[in-house]
Every structure is written in C-alpha cells, then in structure tokens.
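Remember, it's 1-based here, ligands and their atoms both numbered in the order they're listed.
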Amino acid sequence: MPVDLSNAKPLAWDSAKLDADTKVMLDNLQPNILQAHVRESMSLLLVHFGDGPDGRRFLRSLAPLMKSARKHLEEVRAFNRTKKPGTPYVGVGISKIGYLKLGHSTTRFTDNAFKSGMKRRKDTLNDPAVSAWEKHYQEEIHAIVLIGDAAPEPVAATRKRVLALLPKTAKIVGEEKGEGLRDAQGRGIEHFGYVDGRSQPLFLADQVAAESGANWNPFFPLSHVLVPDPLAPRPARHFGSYLVLRKLEQNVRAFREAEEALADALGLKGDDRPLAGAMLVGRFRNGTPLRLHGRPSSEGHPVQNDFSYRDDPGAKCPVGAHIRKANPRDSRDGGLERTLGVMMARRGQTYGRRTDTPWDDAPPAARPTGGVGLLFMAFNASLQGQFEFTQQTWADNPGFPDEGTGHDPVIGQGKRDVKVRYPKAWNSTKLSAPQRQVPQTVTMKGGEYFFMPSLAYLKSL
Ligand code: HEM
C-alpha cells in the first residue's frame with residue numbers, strides 16, 4: 001500500500017500491522033524530522049564541493065554514520081525504558097546548487113523557494129542584503145552535515161570521522177556550534193530567557209497519546225513534513241523533507257530594554273511587570289501561556305500547551321504576540337491555519353555562551369548585545385507554504401491578523417511604522433494608548449534552504 005501522507009491518524013510506527021511501504025519509508029528517512037533528536041550539543045558543517053563525483057562519493061560515505069528514523073525511534077524507546085543512551089545524530093541536507101554541482105537536474109523538485117535558494121528570496125523575507133550576511137553564508141553552500149548529541153564528546157568524535165571522509169576537492173566554508181541553554185529547572189530556553197521548543201506538530205501515535213488535550217490537537221499528518229524524494233530509487237517509498245536554516249542573532253539587551261519600556265508604558269508594577277515580555281512572546285519566561293494565566297504559573301510540567309485562541313480576541317494573549325502570530329491555532333474561520341498546512345517542525349538550537357544568567361531579572365545593561373542567538377531550523381513539506389508563509393504573510397505583516405497588529409515583536413522584519421495598542425491589564429478589553437512597536441532585536445545573519453534526502457538516495461550515489 002503506498003504511504004498515505006495525509007492519513008488522518010497518527011503513525012503507529014511500532015505497530016505489528018505496519019504496511020511494507022511505510023516500513024521502507026521509516027528505514028530510509030533521516031531522523032530528527034518526525035521526532036526531535038536530542039541535540040544539546042551540535043555541529044553544523046557547511047560544505048562546498050569543488051568536484052561533483054567527489055561530492056557524491058563523500059555523501060555516500062556518510063550513509064554508514066547515519067541512522068534511519070526507525071532506528072532513532074527505537075533508541076528513544078530504549079532510552080525511556082532503560083536510560084540507555086542513543087547514538088549521535090548525523091543528518092545531511094543538499095541545497096539546490098548542491099544538487100546541480102553533484103550533476104543532478106532539479107526539475108523534479110517542486111518547491112520554488114528551495115529552487116531559488118535563500119539568497120534570492122531575501123526581498124520576499126525582508127532579509128538584510130547578502131553582503132551583510134556572515135561571510136560563510138555569502139558563499140555557495142552545497143550541503144550541510146548536522147551532528148548532534150546529548151554531550152559534546154560524541155559530537156566531536158563524529159565530527160572528526162566526517163571530516164576524515166571529506167575529499168581534498170571539497171571544503172568546509174563555515175561551521176556553526178549549537179549549545180542548548182537551560183533554565184534553573186532544566187527547561188530548554190532561548191536567549192531572551194523564555195522556554196522554547198514546546199509547541200510542535202506531532203506525527204506519531206505514542207507522542208500524540210502522551211499530549212493530546214481538549215483545546216489544541218497537536219496531531220498533524222505526515223504531509224506537513226514529508227515529500228517524496230524525487231531523486232531516490234523509489235520516490236513513492238523514499239521520502240525527504242525541506243530544511244530551513246537561519247542564523248538569527250539576538251540582541252538580548254535591546255529586548256530586555258523593550259520589555260522594561262513596555263512595562264513602564266503600561267504602568268505595570270512589581271509582580272505584574274513580566275506581563276510586558278509575555279505580551280511580546282505570548283508566554284511567560286517559564287512557558288506559562290498568556291492565554292491561560294495572567295501570572296507565571298507553577299502548574300503544568302511539561303509546560304502547558306493545551307489552549308486555543310478561539311474565545312480570546314486578544315484581551316489575554318495579544319494577537320500580535322510571537323506565538324500567536326506564528327501559530328494562530330485554529331482561531332479563524334474554523335481552523336483556516338490547519339487547512340493551509342502551515343505548521344512546521346521546529347528543530348533549532350541556541351548558539352553562543354552566556355556569562356550572565358539568562359532567565360533572571362538582572363538589568364538590561366548586564367545582557368549581551370550580540371554573539372548569541374538561535375540557529376533556527378525547521379522541517380517543511382513546502383518552504384514556501386510553511387516557513388516563508390509564516391515569516392512573510394504573518395510575522396512581517398503588520399496587518400495580520402488585523403489592521404494595527406504590528407510586526408511579530410520577536411522575528412518580524414521590515415519597517416515598523418504601525419503603532420500598536422496592548423490590553424491595559426491581563427484579560428482587559430481596555431486598550432493602552434497607541435505605542436511605538438518594540439524595536440527589531442533579532443537579526444538574520446545568513447542561511448540556506450536544503451533538502452534532506454532519503455538514505456536510499458545517499459546510498460545510490
Ligand atoms: C514558539 C522564541 C524564531 C515560529 C516560540 C516560543 C518562543 C520562541 C519563546 C514559545 C515556545 C513554544 O511554544 O515552543 C523565538 C525566538 C526566535 C524565534 C527568540 C528567534 C531568535 C522563530 C521563527 C519562526 C518561529 C524564525 C518561524 C518563521 C514559531 C512557532 C512557534 C514558536 C510556529 C510555536 C507557536 C505555537 O504553536 O504556539 N518561539 N522564536 N520562531 N515560534 Fe519562535
């Protein structure tokens with residue numbers, strides 16, 4: 001039976017009744033797409049091939065270092081039962097120009113954003129000029145090798161093995177190091193100090209069973225992240241996913257100043273002051289959703305995610321908050337967002353070391369202005385319909401969902417000339433006087449689009 005990507009039921013990957021084609025799909029799919037792989041420590045190698053056949057041999061030689069999605073899921077289950085650690089993650093992505101360099105035609109890829117490459121999409125996304133990107137992103141990047149694990153040592157050892165396979169005709173044009181950031185309770189956070197990586201589309205039956213709630217259904221069909229690998233031996237059974245990589249530098253000091261200025265403008269005092277930052281993000285630092293609580297709640301470990309905005313016109317969670325802009329959660333027209341299929345699987349990692357304590361209340365002056373940020377990564381079935389749609393049509397659009405909403409305060413790019421009004425207090429329909437939008441504190445430093453091919457493709461090279 002062909003793999004049904006739009007199946008309305010979560011995938012029971014370990015079921016004895018799993019059909020043969022789905023098994024082949026799981027045995028040839030890269031890990032970290034259907035379920036996040038542990039990647040507390042990461043190395044991202046950006047590769048340029050001088051010679052196509054050498055490039056092919058290199059990619060084929062990486063296949064034995066890689067595991068399948070199914071192997072990964074088995075490792076996760078073993079870890080949950082016995083705490084036996086899994087093996088490192090090795091992922092491979094190839095850019096459009098990379099495929100051309102390897103001697104392939106790319107006509108069978110259907111994603112226009114992928115086929116253009118990120119540099120040529122900069123106007124669509126309001127990105128900075130390519131000449132302002134970090135040097136290595138200005139170069140032609142043909143492939144990316146992602147290495148991740150819970151600890152730095154296995155990453156270093158695997159990185160060494162990968163580099164030993166690199167032909168003389170190829171070079172590493174750049175490398176990014178990802179390092180997980182955690183708060184005092186051990187929750188993963190981003191550099192502004194907020195819990196991150198919580199709300200994800202879930203594809204697998206065991207994950208959905210562990211999470212499903214009354215207000216938000218985290219299940220999404222495989223069609224959100226998988227597409228047939230057009231260059232694999234059997235594209236109907238061999239699947240891949242489009243990866244977006246963007247290096248997003250965070251000016252933590254400027255964001256903290258913006259939080260303080262907004263708290264002052266709204267007249268927030270004492271324990272109510274963190275409401276200002278929560279209005280920008282949509283959650284308090286500890287992950288408490290503003291939709292559910294007006295103060296950080298100690299309820300909910302894991303962090304609460306069972307909410308929709310259906311009965312909240314913006315009095316609790318402003319419609320312009322980052323998480324509401326980036327996922328309006330079925331709030332319009334009976335679930336237009338779900339029908340559009342925008343939700344992507346975010347798999348990023350923070351970069352840069354901190355000497356301060358990211359989640360505490362120390363003054364803005366104690367915060368870094370650069371050198372730290374997010375290696376934003378996400379898997380998509382359509383870069384244009386998911387990542388780009390989110391960035392362009394929602395985050396960068398001051399008129400979404402309504403006139404006067406303003407840009408996404410965290411990731412919005414473009415001139416912020418619209419003034420915005422915030423609820424005067426949590427769950428108040430009274431609005432503040434119009435305020436200047438918070439300044440842009442996240443700067444794109446470069447990136448690229450890749451396709452993560454099936455293992456069958458890599459072995460066929
Ligand atoms: C959620 C921060 C970049 C899309 C979140 C959350 C935080 C956060 C704190 C809440 C945790 C969660 O629900 O998982 C940031 C920061 C960014 C960044 C600091 C840049 C430095 C992006 C980008 C996109 C994006 C580039 C897409 C274009 C989303 C989505 C959610 C989310 C879809 C989940 C919303 C939900 O389902 O409720 N982000 N983010 N983020 N972010 Fe971002």
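Atoms of ligand 1 found under 4.0 Å from any heavy atom of Met343 (numbered from 1 in listed order, with element): 37 (O). Within ligand 1, counting atoms from 1 as listed, the ones closer than 4.0 Å to a heavy atom of Val195 are 9 (C), 10 (C), 11 (C). Near Asn327, meaning under 4.0 Å from any of its heavy atoms, are these atoms of ligand 1: 35 (C), 36 (C), 37 (O). Atoms of ligand 1 found under 4.0 Å from any heavy atom of Tyr194 (numbered from 1 in listed order, with element): 9 (C). Each of the atoms 28 (C) of ligand 1 lies under 4.0 Å from some heavy atom of Phe387.
In this structure, Lys67 forms no cation-pi arrangement with Tyr89, as its terminal cationic atom is not both closer than 6.0 Å to the ring centre and no more than 45° off the ring axis. Cation-pi geometry between Arg295 and Phe284 is not met: the NZ or CZ atom fails to fall both under 6.0 Å from the ring centre and inside 45° of the normal.
If you look at atom 43 (Fe) of ligand 1, the protein N, O or S atoms less than 2.8 Å from it are His322 NE2.
Using modelled atom types and a 3.5 Å distance limit, the side chains of Asn327 and Trp394 yield no donor-acceptor pair. Looking at Arg346 and Ser199, their side chains never bring a donor and an acceptor atom within 3.5 Å of each other. No side-chain donor from either of Asn251 and Thr441 sits under 3.5 Å from a side-chain acceptor of the other. Residues Arg121 and Asn112 bring no donor and acceptor atom of their side chains to less than 3.5 Å of each other. Between the side chains of Glu176 and His136, a donor-acceptor pair is found at a separation under 3.5 Å. When only modelled atom types and interatomic distance are considered, Glu190 and Gln250 share a side-chain donor-acceptor pair under 3.5 Å.
From the protein, the heavy atom lying nearest to atom 17 (C) of ligand 1 is Leu374 CD2, 3.7 Å. At the top of the distance list for atom 37 (O) of ligand 1, counting protein heavy atoms only, stands Ser199 OG, 2.5 Å. For atom 13 (O) of ligand 1, the nearest protein heavy atom (residue, atom name, distance) is Arg283 NE, 3.2 Å. Summary of contacts: the protein heavy atom closest to atom 38 (O) of ligand 1 is Arg329 NH2, 2.8 Å.
Ion pairing between a basic and an acidic side chain is recognised when a charged N comes within 4.0 Å of a carboxylate O; Arg187 and Asp183 show such pairing.
Ring orientation note: the planes of Phe307 and Tyr309 are nearly perpendicular, at an angle over 60° on the 30°/60° scale.
Considering both main-chain and side-chain atoms, Arg198 comes within under 3.5 Å of ligand 1 through a nitrogen or oxygen pair. Looking at ligand 1, you won't find any N or O of Thr390 less than 3.5 Å from one of its N or O atoms.
Between the side chain of His37 and the backbone N or O of His72, no donor-acceptor pair lies under 3.5 Å.
Heavy atoms of Gly197 come nearer than 4.0 angstrom to ligand 1 in at least one pair. Heavy atoms of Arg324 stay at 4.0 angstrom or farther from ligand 1. Contact analysis puts Met344 in contact with ligand 1, with a non-hydrogen atom separation below 4.0 angstrom.
Contacts between Arg246 and ligand 1 below 4.0 angstrom, taking non-hydrogen atoms only, are absent altogether. Only side-chain heavy atoms of Gln250 come within less than 4.0 Å of ligand 1; its backbone N, CA, C and O stay farther off.
Tested against Phe450, the residues Val92, Ile141, Ile94, Val244 include a single side chain to side chain contact (heavy atoms under 4.5 Å, CB included) partner, Ile141.
In this structure, the ring of Phe114 has its center less than 6.0 angstrom from the ring center of Phe109. Checked against a 6.0 Å centroid threshold, the rings of Phe451 and Tyr449 do not count as neighbours.
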